[in-house]
Amino acid sequence: MTSAEATAHYFKKAARIMDVGERIETLLAAPLREVKVQVSIELDNGEIRTFNGYRVQHDNARGPMKGGLRYHPLVDADETLSLASLMTWKTAVVNLPYGGAKGGICVDPTGLSSKELERLTRKFVDQIQDIIGPTRDIPAPDVNTNPQVMAWIMDQYSKYHGHSPAVVTGKPIDLYGSRGREAATGRGLLYIAREIARDVGLPVKGTRFAIQGFGNVGSHAARLIHEDGGIIVAVNDVNGGVKNPKGLDVPALFDHARKTGSVKGFNGGSPCGTEELLTCDCDVLIPAAMGGVLTKSVAAEVRAKIVLEGANAPCTPEADEVFEKRGVLVVPDILANAGGVTVSYFEWVQNLQHVTWDEDRVTTELEKLMREAYERVANISRTRKLPLRTSAYVLAIGRVGKATVLRGI
Ligand code: GLU
């Protein structure tokens with residue numbers, strides 16, 4: 001099953017349960033626009049290289065489309081479409097006034113210099129500047145993109161359209177970014193973990209978490225969960241991992257990662273491979289790296305009771321079924337990792353209103369929206385006896401469907 005087929009599978013499953021009808025189902029399934037561009041740049045050595053860039057705009061019934069940009073060798077049209085539709089459902093689950101989009105460039109950014117990355121980003125903006133904008137489609141960070149990349153996007157877009165901070169979110173604090181945006185996805189995961197804790201009687205304090213990925217999502221989740229009394233028993237990143245059944249010393253792990261660029265080799269535990277991490281003895285597993293890591297066979301071996309999807313689409317639909325059969329509670333990406341886009345929304349609001357919120361306001365509002373979303377999804381799950389993922393889709397499809405019908409087909 002391709003990524004787009006996997007998302008379509010979840011969508012269809014929920015749409016059929018809701019009985020939305022073939023007309024609405026057809027309307028909601030198809031993306032609005034799929035753009036592919038060739039981004040050619042001059043490398044520092046004078047060579048010309050061409051990269052494929054994508055922006056897929058899935059649905060705009062509830063507002064301007066929103067979603068990140070990823071720079072990764074596996075970016076392609078299919079994955080971008082799948083991630084764009086996830087954004088439509090994610091923004092609807094949290095009730096943000098947005099639709100969904102996603103984009104990216106098929107590139108390994110670790111092989112490029114900062115100047116080359118800047119040229120690539122600006123060239124890409126040149127090619128999509130007429131389809132993005134503060135009231136059309138607002139990009140943001142995703143895998144391997146960061147506040148600096150967002151700053152280049154804002155600057156390049158503004159050359160065409162005048163000063164436009166609200167065209168992109170996840171910008172540096174010193175250039176119209178929002179306080180709390182960097183940690184937002186990890187913080188949202190903590191808030192959802194707290195809600196789950198209340199429901200299943202497993203308080204964060206003393207609960208054992210394994211986190212796959214130590215990037216923007218995993219590292220902040222590890223720090224905040226640790227501060228909340230959770231025990232981090234394993235973490236990894238692209239270079240390697242570390243485990244300690246008694247709990248890792250998280251501040252010392254951060255020091256090590258800062259110095260060496262990786263959690264690998266941290267002496268407060270023993271080495272830990274990816275599969276070992278995913279199947280280690282823990283209560284909550286947070287896959288917070290790439291999609292598709294939890295396959296059917298890995299899912300059968302997972303020992304966690306709860307899977308909190310920090311990444312987008314970390315479970316394949318086959319794995320999802322295994323978890324359902326085994327009674328493992330899966331908190332879906334479109335709910336669990338929605339903290340990032342929620343604070344992106346706060347950033348956009350601040351930019352449009354020319355105001356700055358303090359961090360307390362950001363975290364208070366984030367907690368409120370995440371809790372409301374969780375309560376709604378959990379309520380559908382309880383009353384209709386559905387898994388959380390299907391329940392989240394039911395909530396989202398209901399909202400997007402209603403907006404679509406009200407606007408007129
Ligand atoms: N890339 C993030 C996501 O998948 C954030 C998107 C945004 O902030 O617009 O949710």
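Quick caveat: nothing in here was measured; it's all calculated off a predicted structure. The figures that follow rest on heavy atoms only: side chains count, while hydrogens, waters and symmetry mates do not. This chain uses plain numbering: 1 for the first residue, then up along the sequence. One-based numbering, in listed order, for ligands and for the atoms of each.
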- request: Report yes or no: do D130 and Y160 form a side-chain donor-acceptor pair below 3.5 Å?
  value: no

field: H220 ring center near F214 ring center (under 6.0 Å)
entry: no

query: Within 45 degrees of the axis of the six-membered ring of Y10 and under 6.0 Å from its centre: does R389 put its NZ or CZ there?
result: yes

query: Heavy-atom count around E22 CD within 6.0 Å, excluding the residue itself: above 12?
result: no

field: Neighbour list for ligand 1 [protein residues, heavy atom under 4.0 Å]
entry: K66, G67, G68, M87, K90, K102, A140, P141, D142, R181, N312, G340, V341, S344

- request: Report yes if some heavy atom in the side chain of Q212 is under 4.5 Å from a heavy atom in the side chain of P314; otherwise report no.
  value: no

- line: For L308 and I192 the tightest heavy-atom approach is CD1-CG2, 3.8 Å

